[in-house]
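For the single chain, residues carry numbers from 1 onward in sequence order.
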Amino acid sequence: MDPECSQLLPALCAVLADPRQPVADDTCLEKLLDWFKTITEAGSSLQLLQENPCLVELLCHVLKPQGLSARVLSFSLHLAGVFAAQESCFQYLQQAELLPGLFGEAGPLGQAAWSAPTVRSGWIQGLRSLAQHPSALPFLADCGTLDTIFSLQGDSSLFVASAAGQLLVHILGLSLQGPAEGPPSPQACDWPVCAQKIVGHIEGSLRSMATPQVTQALNVLTTTFGHCHGPWMQVLWERLSPLVACLLQEDPLPAAHSLVDLLLSVARSPVLSSSDCGLWETLAQTLRRLSPAQAGPLALGILKLQDCPQALRAQAFGVLLQPLACVLTAADQAPGPPGLPEGTTGDSVTVDTLLSSKSACAGLLCQTLAHLELLQPLPQRPSPWPQAPLLGAAVTILRFCNGSAAPASDVGGRLCAILAGCVRVQRAALDFLGALAQETGPQELVTQVSAVLLEYLRSPDSSPTVLKKAFQATLRWLLSSPRAPGCCDLDPDTQLFLRELLPVLRKRLCSPCWEVRDSGLEFLTQVTRHWGGQAGFRHALLASEVPELAEQLLRDPESYVRASAVTAVGQLSSQGLHATAASPEQLGGQKESLLAELLHVLSTDSEGFPRRAAMQVFTEWLRDRHADVAEDTEQFVARVLQAASRDLDWEVRAQGLELALVFLAQTLGQPSARCPYAVAAPQATPPGPLAQALRALSRVRLFEFAFRALFDCDRPVAQKSCDLLLFLRAQATPSGGLQEAEGSPDVVPVEAALQRWRAGEQGEPLGDLEPEAVLAVLRSLDLEGLRGALAESSDHVEKSPQSLLQDMLATVGVRGENQADCY
């Protein structure tokens with residue numbers, strides 16, 4: 001510990017021990033605790049206490065009734081555990097009779113402050129820190145600590161209850177770290193006392209069949225098998241698995257969700273998954289015992305396992321598919337669900353769940369669809385994958401929801417009534433339908449998919465969120481559509497679908513609901529990005545009036561829509577698909593009009609989202625050498641940087657620096673802007689072209705923009721400017737031609753401007769700068785140091801331990817030699 005901190009520590013401990021003094025806030029106490037943890041990790045806790053007896057005095061105040069506030073008491077308990085984590089310090093505190101007083105029955109447990117959750121939490125955290133060595137185990141076993149932890153598992157504070165369970169897991173793991181020659185004895189009487197007590201408590205909780213106690217026991221075991229992988233795990237499971245199996249005989253089944261978590265945790269354990277411990281039989285029995293909603297997560301977990309008996313995988317997949325089997329059966333005239341794996345049927349329990357209520361039906365279907373969506377891309381998914389029946393089930397569910405299905409049974413009619421207009425199920429089914437687009441299916445089913453998507457996109461009853469999902473699913477199916485053989489264009493079925501889709505998109509872009517207009521523009525942007533070069537798509541889009549509508553939405557009253565419109569028309573223009581007139585002369589005028597329109601958005605829009613979108617479009621145009629930009633690149637860059645430099649939104653200014661970096665790389669002849677600290681440094685530009693490039697950069701006012709941004713009040717902008725200038729210096733510095741020019745460049749105006757900007761003043765524009773002056777300024781700036789300073793946290797100067805102690809003392813008017821820092 002620093003001498004300055006040692007001098008301040010007695011006064012701080014006196015303040016903390018005095019209940020009459022204002023209590024430091026939790027943040028200061030947490031920082032103080034972190035500091036002590038750092039000290040003890042680097043050195044001896046015992047030496048720290050011996051050199052600073054005020055710390056022991058502070059801990060002694062915990063033993064006094066009404067001695068400390070709840071927050072300081074919690075801090076002190078945690079601090080004692082941090083010190084006692086080292087065995088030598090543990091023995092020292094034990095000999096001083098401090099530990100029993102702090103953590104035993106005679107300690108805070110009997111004080112009024114124990115009613116505060118923060119004190120109970122500090123007590124648990126202190127014990128968690130203390131229990132790091134075998135010497136702690138007899139203390140934990142003898143002072144009644146374990147009984148208190150058992151009771152805290154049911155604490156009213158969820159944080160305290162969770163921490164108590166985690167502490168039991170830690171103590172159990174510590175106590176069963178037996179000798180390296182083998183696992184602990186199967187006989188419980190041979191186990192350490194702490195392990196006997198914890199396992200005995202778990203056994204008692206499982207035998208009680210009371211849901212709260214069973215849940216607590218199962219949660220402790222779940223965490224134990226998830227985090228501990230010692231050889232004793234198999235012995236522990238062999239002892240407890242009969243009690244877990246007994247839970248399956250109860251009706252109703254207690255703590256079903258916790259039981260599922262435990263069984264999956266055991267199945268994932270590397271020690272148990274490969275052993276013959278009856279686990280697979282228990283999992284199979286549990287699948288049969290659970291309700292459909294409870295069995296779904298277990299079935300998914302089983303199917304995610306790398307090593308699992310094939311029969312159990314087939315059973316789990318059948319359980320997962322049961323709700324969809326019921327749906328297919330309800331909609332199909334033929335007996336049994338078509339195309340599903342053999343043995344998959346919609347049993348009566350699942351049917352009863354689906355028909356019991358709207359919430360139960362929606363919950364089960366949404367869970368099933370989400371689980372199958374997660375399973376679909378995994379390499380260990382069941383094979384063969386029933387793509388066709390899954391497509392049919394998704395389409396059927398969507399038609400049940402919008403009322404277009406023709407139910408073939410009484411169950412189907414009741415499902416139609418239950419699911420009618422259910423937005424939750426519609427969203428889940430559309431997500432699943434989009435996920436199934438990764439693979440193909442029978443053409444008849446693909447046609448049904450296209451039809452149901454068009455139904456939802458056309459329907460006036462589709463909510464904005466459902467329409468967004470429908471657009472997303474449509475995009476995924478369009479992008480997965482096959483190409484015609486021997487042709488790079490779209491296949492006839494896709495072109496037919498587009499001709500039906502684009503009028504729907506045109507209608508949605510005119511919707512009175514801004515969310516719908518926004519979703520339509522996002523869809524247009526994505527499909528254009530992927531298909532802009534396809535002749536069939538280009539012809540259909542240009543004939544649809546959609547580009548004109550997108551351009552009109554640049555003036556939409558909603559800022560989100562304007563931002564999406566900027567992105568959409570930018571993408572359309574990049575592909576040559578923006579709104580055009582008939583003649584070439586008018587065509588050129590339209591191009592200039594679009595550029596002017598986006599510049600107007602950048603300069604005048606009152607919201608940040610459209611301006612950010614405009615900057616991103618301009619950066620992409622410059623990077624791709626867009627035709628409008630190529631006509632006069634310098635004028636384009638100058639106008640954009642001028643607008644960006646005045647913007648109050650830091651993201652716009654940062655994007656302006658990204659555009660400046662692209663222009664810089666292009667002007668210097670580099671294929672891309674690279675980090676100057678890359679393993680292979682970029683090649684320097686020859687002196688002649690370098691001078692010309694620097695003059696071009698000066699003409700567009702890039703240097704002024706970058707130098708001013710170097711002192712921007714928003715750190716990301718300053719960091720980006722620093723990166724840009726470092727890149728430029730890396731390009732120019734190895735070149736000796738300009739450095740050898742006669743005379744010294746006039747850098748006084750630049751340095752004066754930098755001083756003003758550093759002070760937060762605006763100052764006059766720099767004007768055109770000579771290349772020599774630019775390079776001289778770049779060499780004089782400590783860009784590496786600035787970059788390091790920008791990478792520091794905002795309180796890096798004031799977060800020292802000495803500053804922390806001074807600030808805590810300042811809250812009660814006790815100051816050291818220096819004034820308190822504000823942070």
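Leu236 has its side chain within reach of Leu172: a pair of non-hydrogen atoms, C-beta onward, lies under 4.5 Å apart. Counting only heavy atoms from C-beta outward, the side chains of Phe103 and Thr148 never approach each other to under 4.5 Å. Side-chain contact between Leu152 and Leu167: absent, with no pair of heavy atoms (C-beta onward) separated by less than 4.5 Å. With contacts defined as side-chain heavy-atom distances shorter than 4.5 Å, the pair Leu8/Glu4 does not qualify.
Within 6.0 Å of NE2 in His257 there are 12 or fewer heavy atoms belonging to other residues, nucleotides or ligands. The neighbour count for Leu378 CG, taken as heavy atoms of other residues, nucleotides or ligands under 6.0 Å away, is above 12.
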Show me the side-chain donor-acceptor pairs of residues 88-97 shorter than 3.5 Å, one per line, residues at least two apart or across chains.
none

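Annotation: salt bridge (charged side-chain N to carboxylate O under 4.0 Å, His left out) contacts of Asp647 (sequence neighbours excluded): Arg611.
In this structure, His170 contributes its side chain and Gln166 its backbone to no donor-acceptor pair below 3.5 Å. Side chain of Gln719 to main chain of Leu790: a donor-acceptor pair is present (N/O by atom type, distance under 3.5 Å, no hydrogens or angles). Checked by atom type and distance alone, the side chain of Ser129 never pairs as donor or acceptor with a backbone atom of Gly81 at under 3.5 Å.
Using a 30° and 60° split on the angle between ring planes, Phe36 and Phe75 fall in the tilted class, from 30° to 60°.
In summary, Lys197 and Asp147 do not engage in a salt bridge, as defined by a charged side-chain N under 4.0 Å from a carboxylate O.
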For a side chain to side chain contact (heavy atoms under 4.5 Å, CB included) check, start with the C-alpha distance between Glu203 and Arg239, then their side-chain angles and the critical distance, and finish with the verdict.
CA-CA 9 Å; Glu203 289 175 329; Arg239 175 170 174 177; 2.6 Å; yes
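The nearest pair of heavy atoms linking Ala660 to Leu724 is CB-CD1, 3.7 Å.
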